[in-house]
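Here's the structure, in structure tokens; my notes come after.
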Amino acid sequence: MGYVAVKGGTKAIEASMKRVKYDRIKGEKVLDVHTIMSTMSAMVDQVMSESSLYSPFLAALSIKQAEGNMEEAVFLMRAHRSTLPRLYYSQALETKTMLVERRISASFKDIPGGQLLGSTVDYTHRLLDFNLVDESLEKNKRWLKDYETALQENVPSDHVHYYTKVVEYLREEGLFEEYALDNTDPVDITKESLHFPAPRSARLQVLTRGQTGAVTSLGYASLRGYGQVHPTVGEVRVGHVPIHVKHPNEIEDDAENDYYIGKIKITEVEAFVPVNIKNEDHEEELAFEIGYGVCYGQNETKAIAMSILDQCLEHPEYHFPTHDEEFVLLHIDSVESTGFISHLKLPHYVTFQSRLDSVRRVKKGRQ
Amino acid sequence: MHNTHFAFFDESSKKEIRRAILKAVAIPGYQVPFASREMPIARGWGTGGLQITLSIIGKPDVLKVIDQGADESVNAVSIKKLVHETTGVKLTDQTKDASIIQSRHRIPEVPLTKDQIIVLQVPEPEPLRKVEAKEYVTKKITCRKRI
């Protein structure tokens, strides 16, 4: 069998693209982008997080175009991201200033401000709700009205209430070291290629834009036995944080001069991990370190898994793959992994032919 | 033409990639890493070479693309289509007519002139990857060998 190049591919490709469109519209239903935005926020959040592009509208559009295929939606967003000029870096976010919608701690029962459940499916029973098959807009309107009326009994306070970080508890007891602020500029792995050993800022960036499933799997693997990190969730908080940029020509470092450019919704996790440290008298002592997880939108599983992996990578001395930064960081990106796996579908006729040739030659030699 | 910037990328991204190319030309034998951008074509489908092509291409260029040794393989067609749609440049199968040739698996038979640029794609730039999985280690070995 000689080598035959696939020709005439152009027409076949065009026909295949038509087929994609046909399959999407043949059911004669049109899904409005705004419907996706308002009813599929978890998916929108996940797409924004994995594509590192915060835009609910574009994420919803990508979901529509990708027909709900996550890897395809993220791919569309990432490709779009490549076309956008990046003009500014924001000032560092201070999550103490988060407008908290949900904040819980698995480490302390009584935290200042209390456990704020907000919106979570954690305690729902996962039974299919057949009422949703024929959901009525009218009924929903009535429900909303009742809900809002009930809410009016709560008198809003005049001042903005910020929630103290749970880690302050540990600090007060001297169980958590005071670290000096590290104000070195973070590495941006989308502007310079990732090299190893990677600084923590690069690691966190790769983790936060990692594929939810991949980050969760590796975090789970570490927890279950292939790792040395056993965290307690100190705090999960979900809410909006304001973003500011510095005036490009302003020399003075005055936060008052910064521009507010909008807010983003994030999930932030601080996991408390017990570690043995040596005190001044060289005695072993128990202390805590923090595994940090953060991602766009509400995606608590991913943020918790990220906090485990962050802590794993801070301790590379353990010989588990989850503690190996190249193993973790080079394999969790959605676009990289799905792209490389799917390239196997491309014609490899020449590559395979050359492999076949050498196998044949070896066989001939043996006879 | 698509409703994107000329040659898809924003200008500062193109400039960054061109800087890496200049460095590579200036330091023979050194592989210059650059931050790979996500492309509208999947990673592993020739996107490394595509980024080089897009960062150097201009309106008067004429492009030839070879993949799996042929101009008409499905992927070569797809790469050409993307470049054409985002730049409007002329495409060709003829080596002598091309100013930029992006290729995988085949070096054109016709000798090139100094006005022509060949962009050669490889699936894995590190020749030691099959022997050693860790980037940190191969980088060290490669340095030692080259000094």
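Note on naming: letters A, B, ... go to the chains in the order of the sequence lines (proteins, then strands), and numbering restarts at 1 for each one.
Of the listed residues (A/Glu325, A/His348, A/His195, A/His80), the one with the most heavy-atom contacts under 4.5 Å to chain B is A/His348. The residue among A/Thr83, A/Leu76, A/Ile341 with the most heavy atom pairs within less than 4.5 Å of chain B is A/Thr83. The candidate with the highest count of non-hydrogen atom pairs below 4.5 Å against chain A, out of B/Ala76, B/Ser78, B/Ala42, B/Ser13, is B/Ala42. Heavy-atom pairs under 4.5 Å with chain A peak, among B/Glu11, B/Arg104, B/Glu135, at B/Glu135.
Of the atoms belonging to B/Glu16, it is side-chain heavy atoms, and not backbone ones, that fall under 4.5 Å from chain A. The part of A/Leu84 that comes within reach of chain B is its backbone (N, CA, C, O), which places non-hydrogen atoms under 4.5 angstrom from that chain. Looking at A/Ser342, the atoms closer than 4.5 Å to chain B (heavy atoms on both sides) sit in the backbone and in the side chain alike. Both the backbone and the side chain of B/Phe8 come within less than 4.5 Å of a heavy atom in chain A. In this structure, chain A has no heavy atom under 4.5 Å from any part of B/Ala20. Interface remark: A/Met77 contributes no atoms to any contact with chain B (heavy atom separation under 4.5 Å). Contacts between A/Ile189 and chain B at a heavy-atom distance below 4.5 Å involve the backbone alone (N, CA, C, O).
With values rounded to the nearest 0.5 angstrom, B/Gln68 atom CD is found 8.5 Å from A/Tyr349 atom OH. B/Lys81 contributes atom NZ, which lies 7.5 Å from atom CD1 of A/Ile13 (distance to the nearest 0.5 angstrom). Rounding to the nearest 0.5 Å gives a distance of 12.0 Å between NZ of A/Lys345 and CG of B/Asn75. With rounding to the nearest 0.5 angstrom, the CE atom of B/Met39 is 9.0 Å from the CZ atom of A/Phe75. Atom CZ of A/Arg86 and atom CG of B/Asp10 lie 7.0 Å apart (nearest 0.5 Å). Note: A/Asp324 CG to B/Lys134 NZ = 3.0 Å, rounded to the nearest 0.5 Å.
Counting non-hydrogen atoms of other residues, nucleotides and ligands closer than 6.0 Å to CZ of A/Arg200 gives a total above 12. Counted within 6.0 Å of OH on A/Tyr220, heavy atoms from surrounding residues, nucleotides or ligands total 12 or fewer; the atom is thus considered open. Sparse packing is recorded around NZ of B/Lys23, with 12 or fewer heavy atoms of other residues, nucleotides or ligands lying under 6.0 Å away. The number of heavy-atom neighbours closer than 6.0 Å to CD of A/Gln228, taken from other residues, nucleotides and ligands shown, is above 12. No more than 12 heavy atoms of other residues, nucleotides or ligands sit less than 6.0 Å from atom CD1 of B/Ile107. For A/Tyr54, the OH atom is densely surrounded, since the number of other residues' heavy atoms within 6.0 Å is greater than 12.
Every residue meeting the side chain to side chain contact (heavy atoms under 4.5 Å, CB included) condition with A/Phe57, not counting sequence neighbours, appears here in chain and number order: A/Val33, A/His34, A/Met37, A/Ser55.
Between B/Pro33 and A/Ser193, the shortest heavy-atom distance links the atoms CB-OG, 3.1 Å.
Using a 4.0 Å cut-off between charged side-chain N and carboxylate O, B/Glu38 and A/Arg81 make no salt bridge.
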(message) Please determine whether side-chain contact (heavy atoms from CB on, under 4.5 Å) holds for the pair A/Leu346 and B/Trp45, giving the CA-CA distance in whole Å, both sets of side-chain angles, and the decisive distance to 0.1 Å.
(response) CA-CA 8 Å; A/Leu346 268 183; B/Trp45 297 53; 3.3 Å; yes
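A side-chain donor-acceptor contact under 3.5 Å links A/Glu326 to the backbone of B/Tyr136.
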